[in-house]
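Since the structure comes first, as C-alpha cells, the remarks are kept for the end.
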Amino acid sequence: MKCPICESTRHQPSFQYHEPPQGEVRYPLEGKYFREYSLCETCGHYFSSFRWPKNSVYEGTYVESTYKGIEGIRNTYSRIRALPPERSDNTGRVNYICDHFRQAGNEDFGALSLLDIGAGLGVFPAGMKEKGWKSHALDPDSLACRHMQEDLGIEVFQGDFFAAKIPGKFDLVSFNKVLEHVEDPVEMLRLAKPLLKKGGLVYLELPDGEGAAKESQDREEFFIDHLHVFSASSYSVCADRAGFQLIKLERIREPSTKYTLRGFLAEA
Ligand SMILES: [Zn+2]
C-alpha cells in the first residue's frame, strides 16, 4: 500500500483507537470500534484505516448526528457567529484571506466571487459576504443548503462535489477542513482547477497532524471523520499533485485550540 498523498511505500502503523476518544461524535456504526492511522515516513502524512459504510455519511447522517436537524443547525450557527472576534476561528480565517487579497491590490471585495466547498453551516461564506464578497457555497446536505439559502441569502449548490456541475468561475475557491474527510484529497483538489477564473486562488485549510501529535493522539485532529491528517510536507505534495503551486503556507493554533495548516494555491 502507498501513502495516498506522496505515494511512498515507506509508512508504518501509528495511533490506534479501540474506543472513541473523548468529544468525538458517536456515530451509529456496526461492530467493534477500531481504527488506526499509518504515518508516512516520507511526507509525514497520517492516513486512516477507517472507511464509512456505503451511502451513510454526509448525506443525512452527518448533519443529523452532529447538529440534530435544521433547528440544531440554526442554533449552532448562531452560537458560532456570536463568538467575540478573538475567540472565533472564522473571524481569523476571513481576516487572513481578505488581508491577502488586499496586499495583492484587490481592495474591492464587491468585485470578487467566492465558492466555498463543503460549506456546512455557512459560517465562512456568511463572514465573507459581510466583507462584500459574492458568496456561493456547495454542500451535499439538504438541510445545510436550506439554512444557507433561506437564512443567510447565500447562493447554494446542493450536491456531491465529485459529481456536481457548477456553473461559472470564481476568484476564490475554498476548502475549509474538507479534504481530510474524503478518501482521495488529491482528486478532490484537482477538481477545483476548472472552477477558477484566470489568476484565481484556492484557499486550503487542513488539520495539522504534526502539531496535534505532539500533544495527544486523542485530539480532535485525529477524530474518526478525518481519514487524513496532514503535515506541511503532505499539504505541499497534495497541492503539487493536484496541479497547483503553493504560494503561501502557514501553521497556526486557532482560538478553538485546533492545530491548523492554511495557505493559498495558484494554478501551476
Ligand atoms: Zn507520504
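Counting starts at 1 for both ligands and their atoms, in listed order.
- Screening Phe34, Phe222, Phe50, Tyr37 for a ring pair (Phe, Tyr, Trp, His ring centres under 6.0 Å) involving Phe15 leaves a single residue, Phe222.
- Within the 2.8 Å limit, His45 places no N, O or S atom next to the Zn ion (ligand 1).
- Atom CZ of Arg253 is surrounded by more than 12 heavy atoms from other residues, nucleotides or ligands within 6.0 Å.
- Note that NE2 of His226 is 14.5 Å distant from OH of Tyr46, once rounded to the nearest 0.5 Å.
- Checking Cys6 against the Zn ion (ligand 1), an N/O/S atom falls under the 2.8 Å cut-off.
- Cation-pi contact between Arg219 and Tyr259: absent, since separation from the ring centre below 6.0 Å together with deviation from the ring axis within 45° is not met.
- The angle Cys40:SG - the Zn ion (ligand 1) - Cys43:SG amounts to 110°, with values rounded to 10 degrees.
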